[in-house]
Amino acid sequence: MLDATDRLAHVRARFALPEDIVYLDGNSLGAMGSAVPDAVREVVADQWGRDLITSWNAHDWWHAPRRVGARIARLVGAADDEVVVADSTSVNLFKVLVAAARLRPGRSTLVIEPGNFPADLYIADSVADLLAMRLVKVEPADLGSVLDSDVAAVAFSHVDYRTGRAHDVPSVTAATHASGALSVWDLSHSAGALDVRLNEWDVDFAVGCSYKYLNGGPGAPAYVMASRRHHTAMRSPLMGWTGHARPFAMESSYEPGPGIDGMRCGTPPMLSLLALEVALAAFDELSMAEVRARSLSLTRLFLSLADSVLASRGFAVVTPRPDEERGSQVSLTHPSAYGVVQALIARGVIGDFRAPDIVRLGLAPLYVRHVDVVATVEQLAALVDAGEEREPRYHARATVT
Ligand SMILES: Cc1ncc(COP(=O)(O)O)c(C=O)c1O
């Protein structure tokens with residue numbers, strides 16, 4: 001019934017999904033857009049294969065990072081000239097944290113949340129070390145206790161990768177600004193699923209990956225957003241030639257390109273970047289408010305079924321209940337979470353495990369249906385009733401969990 005009245009039900013046809021699989025891992029690797037294989041084949045055969053290096057001009061490869069960045073900008077509430085696709089999320093975080101710190105000279109503290117994605121913690125540690133700053137780890141709810149005139153930047157993730165908790169970006173950003181610091185957000189687990197409004201929320205810098213809800217494909221390049229108000233003064237610490245004001249003048253000293261161009265660094269991975277461009281067409285004619293409403297409808301259904309069917313079977317919900325505090329995933333703890341996920345995959349429902357005990361199920365709003373939620377809960381109940389999660393074959397740890 002929920003699917004029959006769903007205004008976005010037709011969007012699933014924009015993806016090539018195996019018939020016999022329920023795919024709840026779009027928050028790790030998004031599904032493949034149905035137009036992507038032909039588009040990539042054309043890029044390989046006709047552009048790279050036939051037009052060779054002339055493709056940089058003939059197919060405008062050079063401007064693809066900005067062109068694709070502009071498409072992403074529209075999904076995260078930024079202006080077209082505030083986003084560029086480049087590098088990985090980790091590298092972009094490094095660039096913006098250093099840039100933010102340098103925009104606040106004399107301040108020597110960076111703030112991050114302790115439960116942030118490990119890459120974010122490591123990168124923040126490295127930036128603090130390189131710039132001789134102090135790194136303070138604090139839960140977003142306690143931010144007020146550490147904000148003072150020494151804080152240069154506060155870097156949080158919009159949605160927690162483990163629990164699915166969504167932070168209140170506007171109020172955290174406002175508190176950050178009140179102390180004179182800059183606000184940096186990692187949108188990896190929100191862009192493409194939530195109604196992100198970077199400019200309305202007054203965010204300074206943001207980064208995120210494109211291979212999750214944006215469906216860019218494995219290893220697709222990440223993006224970086226810098227508010228226009230920083231375009232003149234900001235400096236990326238990675239002064240690569242593609243970020244130069246005149247890259248083909250081959251000058252011996254660096255001058256950053258205008259605005260967001262200065263966040264480019266090296267040659268983009270064109271095959272992945274052009275695959276991402278085609279993948280983003282799945283969002284055509286959709287408003288992010290509609291996408292977010294569908295995501296909430298899916299997670300709400302999951303939570304109510306988890307309460308009625310799974311709570312008595314050893315599962316506990318860790319994802320927040322209030323809609324505004326939830327991303328687009330449902331995370332459940334279970335004492336045998338790893339075995340549960342492996343047994344679930346064997347039953348045709350792909351989710352993932354996050355240490356130490358989380359079954360993480362991503363409800364990508366463009367292609368997951370309400371029937372998929374019902375089927376997943378049924379399979380979880382059936383596998384636990386059969387004790388499958390305890391079978392030794394489901395306990396061998398693969399390299400990637
Ligand atoms: C929140 C978050 N930040 C950063 C990263 C790292 O991204 P990358 O491997 O593109 O550097 C990930 C990857 O899953 C992530 O989930």
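Every heavy atom of this structure was used, including side-chain atoms; hydrogens, water molecules and symmetry mates were not. Just follow the structure's listing: the first ligand is 1, and inside any ligand the first atom is 1.
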Neighbour count above 12 (heavy atom, 6.0 Å) for Leu52 CG: yes
More than 12 heavy atoms from other groups under 6.0 Å of CZ on Arg7: no
Protein residue, atom and distance nearest to atom 16 (O) of ligand 1, heavy-atom basis: His189 NE2, 2.9 Å
Side-chain H-bond candidate by donor/acceptor type, Thr333 with Asp357, under 3.5 Å: no
Identity and distance of the protein heavy atom lying nearest atom 2 (C) of ligand 1: Asp186 OD2, 3.4 Å
Lys/Arg-Asp/Glu bridge criterion (N-O < 4.0 Å) met for Lys137, Asp125: no
Protein residue, atom and distance nearest to atom 14 (O) of ligand 1, heavy-atom basis: Lys212 NZ, 2.8 Å
Closest protein heavy atom to atom 11 (O) of ligand 1, given as residue, atom name and distance to 0.1 Å: Ser90 OG, 2.5 Å
Residue, atom name and distance, where the atom is the protein heavy atom closest to atom 4 (C) of ligand 1: Asp120 OD1, 3.3 Å
Nearest non-hydrogen protein atom, atom 9 (O) of ligand 1: Tyr211 OH, 3.3 Å
Ion pair Asp307/Arg321, N-O distance below 4.0 Å: yes
Location of contacts on Phe117 toward ligand 1, heavy atoms closer than 4.0 Å: side chain
Aromatic plane relationship, His167 with Trp185 - under 30° parallel, 30 to 60° tilted, over 60° perpendicular: tilted
